[in-house]
Amino acid sequence: MKTSELIEAIIGRSGDVRTQLYIDGTWVDAVSGKTFDAEDPATGRRLASVAQADAADADKAVAAARRAFHDWSVTSGRVRERILRDAATLVREHREGIAQVEALDAGKLLAGAQADIDEVAFQLDYFAGWATKISGETMSADPNSMSLLVREPVGVAALISPWNFPLLLANQKVAPALAAGCTVILKPAEQTPLSALVLAAILQEAGLSSGVFNLLTGFGPEAGGPLVAHPDVDKVSFTGSTEVGKHIVRESAGTLKRLSMELGGKSPGIVFADADFDAMIDGTAKGIFWNQGQVCAATSRLFVESSIHDDVVEALSARAASFTLGHGLDPSTTMGPVVSEEQRARVAHYVTVATDEGAKVAGRGTMPSDSELKSGSFHEPIILSGVRNEMRVAQEEIFGPLLSIIKFDTADQAIELANDTKYGLAASVWTQDINKAFKVARSVRAGSMWINDALQAPSEGMFGGFKESGFGRELGKLGLDESLEYKHIFVRLPETPA
Ligand code: NAP
Ligand code: MG
């Protein structure tokens, strides 16, 4: 299917679009013939009937990726670069349409979706650049030998992605894997499959050979599970919850696959009294409310120095009340729905859990009144005060617009509280004292640390977790390395003449 036709069909919102899987360079129905609905979470309306893959389709996709692997792995870096750059150009050409698809399917603000699509285009260009710069090392253990440490693609990679930044988080697996010479099977989240279909159409249009990129839409256990256990898959790169991540580690152990695990978080923000107050309120509000709090690195626990605690609660409560909830494509909307009814119920449940444990709702936003949105999965932003770090609301990942505020008195106490979690994905610190900022930055056990900012993950940087937030790294050079093996080639040389 042509990229433009696919986009037009989805954003036309007739709901009668029927999509297919992309296997071995061809669009095909699922072997079972089954489909499931992709829905607009703001209205509950169907956007498309989506092909529902299972083990039979996974087998076909893995076989195609395996057949394509040798040729793609020895394709010149220059050719791989050209194709990824052409894909970047196509993403830019279709920016508005792809952003609308993403906003509709995931309940995002259009501006947020546009920012994601711009970053997707950048990532394709960025990793295209790496395709010609993959190099190894040489050394000699003795004068009559040479060791070449060469880099080779890992092989067939199964890429399993979540729903919160559907295309961006899928693409940051796809682009480095293709640049490295791997062939891939992408399994996007069942809640948000549509933008991955657009990526498949773009890669096809950019001239990628058959079998190098394959797409299985469907549910985790039926479409993703068979990939994870498949003997012909060399690597699994997974972004999602810690719970499913642990399951995947166990399931993949039988065939001992290379794994990259980007998992959950309960990221702390530490606010000192000497912070630039207005910038800190802007940044911490972004940290919890961006994308309705459905961000793995959302600053969901805010530790505030006692002397400014009440002022911070008041300012963030006013912020929560200031959002206009609505459809992401309505320009007056400043917060969209959460991704599904299930997710809305989960957030609402945690508000009850928190208040039952003694927390207070200090601030609350307003639900949309438009009758068009009455079946939408909206949850108003909530500020909780009086939270203790041991409460469930401060320990469990919620993934919604719900902020827990906790007081502290000393930097050491704040660090101890910040580290008192099973997660270690990201953290932020707000202060104008460079020494205090670095003390916190070096003491908090997290893969990303933001000083006077939040949610920064530039694609040329690095992202990944400590502790139960996972292992392996995405983005930047380290993200490319996840798709490469080292091979040692030892050469025996003739005796050096005396
Ligand atoms: P999820 O439920 O863990 O699902 C993630 C992906 O795994 C989906 O494609 C899902 O398919 C698939 N899956 C589920 N069960 C599976 C199985 N048995 N075998 C193979 N695949 C399976 O996560 P989510 O709810 O989509 O996303 C939210 C979570 O992702 C949060 O915990 C968040 O912190 C985490 N996340 C982490 C990062 C990071 O970089 N560290 C970034 C974003 C999100 P279905 O679509 O059918 O469920
Ligand atoms: Mg959807």
Side-chain angles (χ1 to χ4, degrees), residues 36-39 41 50 52-55 58 105-106 116 158-173 185-196 215-230 233 236-252 257 259-267 290-300 338-340 342-343 346-347 396-400 421-426 446-448 455-457 459 461-475 478-479 482:
F36 65 100
D37 286 352
E39 285 171 2
V50 179
Q52 186 177 329
D54 64 20
D105 199 15
D116 287 3
L159 313 177
I160 301 178
S161 55
W163 46 256
N164 56 339
F165 295 91
L167 190 59
L168 185 62
L169 297 183
N171 187 66
Q172 69 193 42
K173 299 181 184 304
I185 303 116
L186 172 64
K187 206 305 273 176
E190 148 268 309
Q191 294 88 343
T192 55
L194 300 180
S195 53
L215 175 67
L216 295 179
T217 48
F219 293 85
E222 297 90 55
L227 298 175
V228 170
H230 204 294
V233 169
V236 176
S237 176
F238 171 77
T239 301
S241 59
T242 292
E243 190 192 341
V244 174
K246 287 179 183 176
H247 174 77
I248 287 179
V249 171
R250 285 191 293 269
E251 289 295 301
S252 65
K257 298 189 191 322
L259 296 176
S260 304
M261 290 280 142
E262 298 285 336
L263 309 178
K266 193 73 193 177
S267 299
W290 179 247
N291 208 42
Q292 294 77 267
Q294 302 167 120
V295 180
C296 51
T299 316
S300 50
V338 295
V339 77
S340 62
E342 187 190 359
Q343 192 60 19
R346 179 183 166 85
V347 181
E396 297 174 16
E397 187 178 48
I398 299 166
F399 234 55
T421 167
K422 68 177 183 175
Y423 295 111
L425 193 57
S448 288
L455 307 189
Q456 294 297 336
S459 296
M462 183 214 86
F463 196 74
F466 286 18
K467 297 156 73 176
E468 290 195 22
S469 292
F471 50 83
R473 294 292 179 258
E474 285 199 332
L475 305 175
L478 294 176
E482 297 278 316

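First listed ligand is number 1; within each ligand, the first listed atom is number 1. Computation of the quantities below employed the complete heavy-atom set of this structure, encompassing side-chain atoms and omitting hydrogens, waters and symmetry-equivalent molecules.
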Are Ser300 and Ile398 side-chain neighbours, meaning at least one heavy-atom pair lies under 4.5 Å? no
List the residues meeting ring-ring contact (aromatic ring centres under 6.0 Å, His included) with Trp163, not counting sequence neighbours, and say none if there are none.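 Phe399.
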For Lys173, is there an ion pair with Glu474 - N to carboxylate O distance below 4.0 angstrom? yes
Under 3.5 Å donor-acceptor, Arg473 side chain and Gly465 backbone: yes
Which protein N or O atoms sit under 3.5 Å from any N or O of ligand 1? Give each pair with its distance.
residue, atom, partner, partner atom, Å
ligand 1, 3 (O), Ser241, N, 2.8
ligand 1, 3 (O), Ser241, OG, 2.6
ligand 1, 9 (O), Ser161, O, 2.8
ligand 1, 9 (O), Lys187, NZ, 3.1
ligand 1, 11 (O), Lys187, NZ, 2.9
ligand 1, 11 (O), Gly220, N, 3.4
ligand 1, 23 (O), Ser241, N, 3.4
ligand 1, 25 (O), Trp163, NE1, 2.8
ligand 1, 26 (O), Trp163, NE1, 3.2
ligand 1, 30 (O), Gly240, O, 3.3
ligand 1, 32 (O), Glu397, OE1, 2.5
ligand 1, 34 (O), Glu397, OE1, 3.3
ligand 1, 34 (O), Glu397, OE2, 2.5
ligand 1, 40 (O), Glu262, OE1, 3.3
ligand 1, 41 (N), Leu263, N, 3.2
ligand 1, 41 (N), Leu263, O, 2.7
ligand 1, 46 (O), Lys187, NZ, 3.4
ligand 1, 46 (O), Glu190, N, 2.4
ligand 1, 47 (O), Gly220, N, 2.6

Under the side-chain contact (heavy atoms from CB on, under 4.5 Å) test, residues paired with Ala229 that sit two or more places apart: none
Ser469: what forms a side-chain contact (heavy atoms from CB on, under 4.5 Å) with it, not counting sequence neighbours? Tyr423, Leu425
